[in-house]
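What follows is a set of notes on a single structure, which appears directly below.
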Protein chains: 2
Amino acid sequence: MVTLKQLAKELNVSISTVSKALNNSEEIGEETVKRVKELAELYNYTPNKVALSLKQSKTKTIGVIIPNILNHFLAKVLFGIEREATNLGYNIITCISNESLEKEKESLLLLANGSVDGFILSVAEETQIKNEIDHFKKTISQGLPIVMFDRVAHDVLCDKVIVDDFDATYNTTKKLLDEEGRKNIAFISNIGELSVGKLRERGYNKAILEHNNQEPLVLKIKKKDDHQKKIKAFFKKNKKLDAVIAADSSSGIISINTAVNLGLKVPKDISVLGFASKADSNHSLPRLTTIRQHAKVIGANAAQMLIDRLQKMHLNEDVKTKIVKTSLVKTKSMLK
Amino acid sequence: MVTLKQLAKELNVSISTVSKALNNSEEIGEETVKRVKELAELYNYTPNKVALSLKQSKTKTIGVIIPNILNHFLAKVLFGIEREATNLGYNIITCISNESLEKEKESLLLLANGSVDGFILSVAEETQIKNEIDHFKKTISQGLPIVMFDRVAHDVLCDKVIVDDFDATYNTTKKLLDEEGRKNIAFISNIGELSVGKLRERGYNKAILEHNNQEPLVLKIKKKDDHQKKIKAFFKKNKKLDAVIAADSSSGIISINTAVNLGLKVPKDISVLGFASKADSNHSLPRLTTIRQHAKVIGANAAQMLIDRLQKMHLNEDVKTKIVKTSLVKTKSMLK
DNA sequence: GTGAAAGCGCTAACAA
DNA sequence: TTGTTAGCGCTTTCAC
């Protein structure tokens, strides 16, 4: 890499002259500016990012901590974050907590050494189970703002981007009950431990209970379970099932494939829908009706909020929570 | 963040004394070391990463350029890279090229300003189609080593981690022909434009041609096609189909679901298998037989290779190509 | 209009 | 054993 020093030497001017010329300072003579810029162009000069960061005590880099990159939703949020951050002139350093509290803490510490200006993260499963939040608070008090998305820690005072999980399942369940006249709606979830999983379940529960005081019918699947087996057994046990709402994409896809496999007609005999993305819906026949979370939008919002805060750090503004509403994309896996 | 300066002031010693004490230099007196370390501990001192990078002209950061983070295989490789890099004390800055040549070039340029010590990347689709490689060569000649994985540019002299794509389909096709006695094997691909897609197709072709000079039967799907419709039509047109090899996970899953949907018995009437991961195989009933690419291993290898090279930059070693062999994980979607 | 110098936080050669 | 100094690459104030 060429440095200002080298350019200065070759041009027989001082380093500061070169610096000013390249930064279009009014101080420098027209002719000099031209000479400097030409040589800089020739050598493909770019200011050294590290030196700049040190000088200005800001890195223009965001630390992103993702619990699980293999989760399609989270990957898509990451995509949204990356794109928005890049557009706004920021880089992202990605850490994967792998749902582990320990790794989450480490990542936070590791990057809080001047590597990044702030964080965007979704809380790890273990962290949510143990309900630990000190590491977040500590980071924030060090002057590194955090934006949480999707899985958030409610007791941490920071910006948040969330989904209307409760409303989404509440409304959808009501729709199945009222508009389609479904009587036996089950809720299937692989994410019972997560804040969002709980919210989704509550939305479903409320709608069911409100409807002639019916009993909720919930299947919770654990990570180590054989996903397919569990769902098949559930279907066999509950012969009257006429609708399924899945809290996660895998449960949705497996449910619909299982229903078909057991000879049920979708959507005549049974409606199936779930939180999932477009790509997922291709993995079943008929396609799965999906509750879309607009992952990319969530990511973009999170990036915007963080960068906005970084640029107004002195103002000490109040924290905000942004809700990105889900939308129901209907396919032939439901009646109406 | 606390700095050496502040510690030094509080302890009434010089900055260098503090620095040396914290770095366990033999020079400093036992007592002083103790005092320094205690105060550093108290204040949670961590060396400023940016200053360190500037001083040592290395960032301990790797630039990773991924064409598409929503691709499960690529996401998994990223996971492998992140984990290995973290273990070896490196951070990763992630850029997503979104299969665009322009974005790939930009990312390379953007990070070649001292932000990273080297790159790990998989070539964008557009880049492979246009066969451009100058930006890679330029980066390498600037002293920033590159490790390419999966989709590589053969004419660029750099370390590579690849999959035995050709052999995988060649051997699998032969197995279907010889062991299962399949007569009409089709190859379905959504990635015809990629180097790996082409290799997979060639492996299949060779095996088919070698077998009594049969004709290959290939379905190529484009990004904008209706994936499900295309495959359904293909099945209907080729009634004699008794095996499908899919070059990508979506094609595999949709093929098997379509076959079942059309009333074919899997694997009695037809065997279906494809390049995919374990999670994907859950999305069909029966589960899809998968050619596993060991994405995490690929990622880990790439990280190791790059870091190894970074640490031996002075030696100017020859470039290496590492082949990570696929393995066939059989399920009930094939006979033997 | 141009340049010298200080300083961001750190390490390391050298001096004391 | 400890401290001084220079320097990594850059910006910016202040002097010329």
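Here is the naming used below: chain letters follow the sequence lines, and residue numbers restart at 1 for every chain.
Looking at A:Val161 and A:Asp150, their side chains never come closer than 4.5 Å, going by heavy atoms from C-beta outward. Taking the side chain as every heavy atom from C-beta outward, B:Leu39 and B:Leu11 approach each other to under 4.5 Å. Between B:Met148 and B:Val156, some side-chain heavy-atom pair lies under the 4.5 Å cut-off.
Computed from coordinates, the A:Ile28 CD1 to C:dG3 C1' distance equals 9 Å when rounded to whole Å. Rounding to whole angstrom units, CG of residue B:Leu22 and C1' of C:dT11 are separated by 12 Å. Rounded to whole Å, the distance from CD on A:Glu26 to P on C:dG1 is 9 Å. Atom CD in A:Glu30 sits roughly 11 Å away from atom P in C:dT2 (whole-Å rounding). When rounded to the nearest whole Å, the span between CD of A:Glu31 and C1' of C:dT2 equals 15 Å.
Among the protein residues, B:Val13 comes within range of the sugar-phosphate backbone only, with heavy atoms under 4.0 Å from sugar or phosphate atoms but none that close to a base. Using a 4.0 Å heavy-atom cutoff across all strands shown, B:Thr32 reaches sugar-phosphate atoms only and no base atom.
Between A:Asp134 and A:Lys138 no salt bridge is recorded (no basic side-chain N to carboxylate O distance below 4.0 Å). Remark: B:Arg309 does not engage B:Glu317 in a salt bridge, criterion side-chain N to carboxylate O under 4.0 Å. A salt bridge links A:Glu126 to A:Lys130: one of the charged nitrogens lies within less than 4.0 Å of a carboxylate oxygen. Note on A:Lys105 versus A:Glu132: salt bridge recorded, some NZ/NE/NH1/NH2 to OD/OE distance being below 4.0 Å.
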| task | Would you give a per-nucleotide map of nucleotides 10-16 of chain D, 5' to 3', where B means the base has a protein non-hydrogen atom under 4.0 Å away, S means only the sugar-phosphate does, and - means neither? | result | BBBBB--

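OP1 and OP2 of C:dC8 both lie 4.0 Å or more from every side-chain N or O belonging to A:Ser57. Checking the phosphate oxygens (OP1, OP2) of C:dG3, a side-chain nitrogen or oxygen of A:Ser14 falls inside 4.0 Å.
Applying a 4.0 Å cut-off to non-hydrogen atoms, none of the residues of residues 33-43 of chain B approaches DNA chain D.
Cation-pi check for B:Arg151 over B:Phe149 is not met; the charged atom does not lie both under 6.0 angstrom from the ring centroid and within 45 degrees of its normal.
For the pair A:Ser107 and A:Phe119, the tightest heavy-atom approach, listed with the atom from each and the gap, is O-CE2, 4.4 Å.
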